[in-house]
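Every number for a ligand or one of its atoms is a count from 1 in the order of the listing. Predicted, not measured: the structure shown is a model, and the values here were computed from it.
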Amino acid sequence: MLSKRLDNLHPYVPGEQPKDRDYIKLNANENPYPPSEAVEEAVRALVSKKRMSLALYPDPASEKLRDAIASMINCTGGVLCRAVGKDGDEFACEPCESDKLPFEVTRDMVFCGNGSDEVLSLVFYTFFDSDRPLISPEHSYSFYPVYAGYYGIPLKKIPLNADWTLDKKAMLKSALETDSPIIFANPNAPTGRALTRDEIRKMLESAPKDRAFIVDEAYVDFGGESAISLLGEFKNLVIVRTFSKSMSLAGLRIGYVIANPEVIRAIETVKNSFNHFPIDVIAQTAGIAACRSCAYSAKNARAIADERDSFSAWLEKHGWTVIPSSTNFVFAKKDGKSGESLYRAIKEKGLLVRHFATAGIDDYLRITIGTSEQMNALKTAMETL
Ligand SMILES: *Cc1c(COP(=O)(O)O)cnc(C)c1O
């Protein structure tokens, strides 16, 4: 009865969402701050004054949401924690000097889907074939191997350097040998390490020009450098981003692509062959309000980045090894202790962090940065480990 394809599926296991106890949740890289009041007001207004809109299908192309995303990127430069506040009611941000874009992002450069997980699935279908390997770092987002299995795409995993950065040379060598596409997260997960924009430009210069080069920027708002400004030079660059981390909207499922219009049109063809309406009316409304109040999310991203830096320093002072992070989490280990036992000891004290039982990283914990209150509770729990 079951299809043969099912044998190739190895489903992704997300961070626990426990129901038995009120844990402090630092295990799924969610934002510890709620979305802005503007989001609340927009959703309230929708379900009261415009209740009829719930009875109708949403805009299949999410045009207003794509406009709002384009405006947000233009107003922030693409990295929230470095955006500079300015007066004004909407999109009250401007890019810092180093993030200024050399062109304007327009609606036809934006594609929206039901979380960046769905967006990544559509990107896999649009750009990767089973006739050549897809190049990816050995330790990166664990959904990439899952989708590779789903679509029957051979995945070539390239080991990281000893300092946990991506081995750019080895990735490029492999891509050139087989004329292959490349995918990685920048900053990377679960390591937290980032490549600079110049490093990505250099990779793009020698990578195969006729193959997609995918950069997953799920965490870029907490301190990485976005590759968006390179889109004018590289037509094969595809940037995937999400509202789940920096925009405090993991529960609404909004992900997007920023790329050149030809790339966006190709992904739309795949989307319209799969699910015409990936983003519901409430999510489109809330997403637009979240973009317009991006100054609020920018402030939260800065607070999280500051908290991350002080927590990293605390960990080092208490004998932990911490990989330098540009994200809203840290990846750290304590010599002589297994990651599993540390995870359990912290869980007993009422806090959840993430442990991966994967060879090479199983000594480490991935700890999401929360509010200062949450981090103080974590420090108290960790002091005695
Ligand atoms: C969280 C995460 C995603 C998925 O985000 P959603 O939009 O919630 O599906 C994608 N890529 C990376 C690297 C992530 O960490």
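Residue-ligand proximity, K245 to ligand 1, at heavy-atom distances under 4.0 Å covers atoms 1 (C), 2 (C), 3 (C), 14 (C), 15 (O). Atoms of ligand 1 lying under 4.0 Å from any heavy atom of G115, numbered from 1 in the order shown and given with element: 7 (O), 9 (O). Numbered from 1 in the order shown, with element, the atoms of ligand 1 that lie under 4.0 Å from a heavy atom of S116 read 3 (C), 4 (C), 5 (O), 6 (P), 7 (O), 9 (O), 10 (C). Shown in contact with R253 at under 4.0 Å from a heavy atom are these atoms of ligand 1, numbered in order with element: 6 (P), 8 (O), 9 (O). Under a 4.0 Å criterion applied to the non-hydrogen atoms of S244, ligand 1 contributes the atoms 6 (P), 7 (O), 8 (O).
The distance criterion of under 3.5 Å between nitrogen or oxygen atoms is not met by Y144 with respect to ligand 1.
Judged by distance alone, the side chains of K25 and Q374 never bring a donor and an acceptor atom under 3.5 Å apart. Between the side chains of Y151 and N8, not a single donor N or O lies within less than 3.5 Å of an accepting N or O.
Note: Q284 CD to E63 CD = 10.0 Å, rounded to the nearest 0.5 Å. Distance check: T368 OG1 to M375 CE gives 8.5 Å after rounding to the nearest 0.5 Å.
Heavy atoms of D216 found under 4.0 angstrom from ligand 1 belong exclusively to the side chain.
Judged by distance alone, the side chain of E199 and the main-chain N or O of T196 form a donor-acceptor pair under 3.5 Å.
Between K235 and E262 no salt bridge is recorded (no basic side-chain N to carboxylate O distance below 4.0 Å).
Looking only at protein heavy atoms, the nearest one to atom 15 (O) of ligand 1 is Y219 OH, 2.5 Å.
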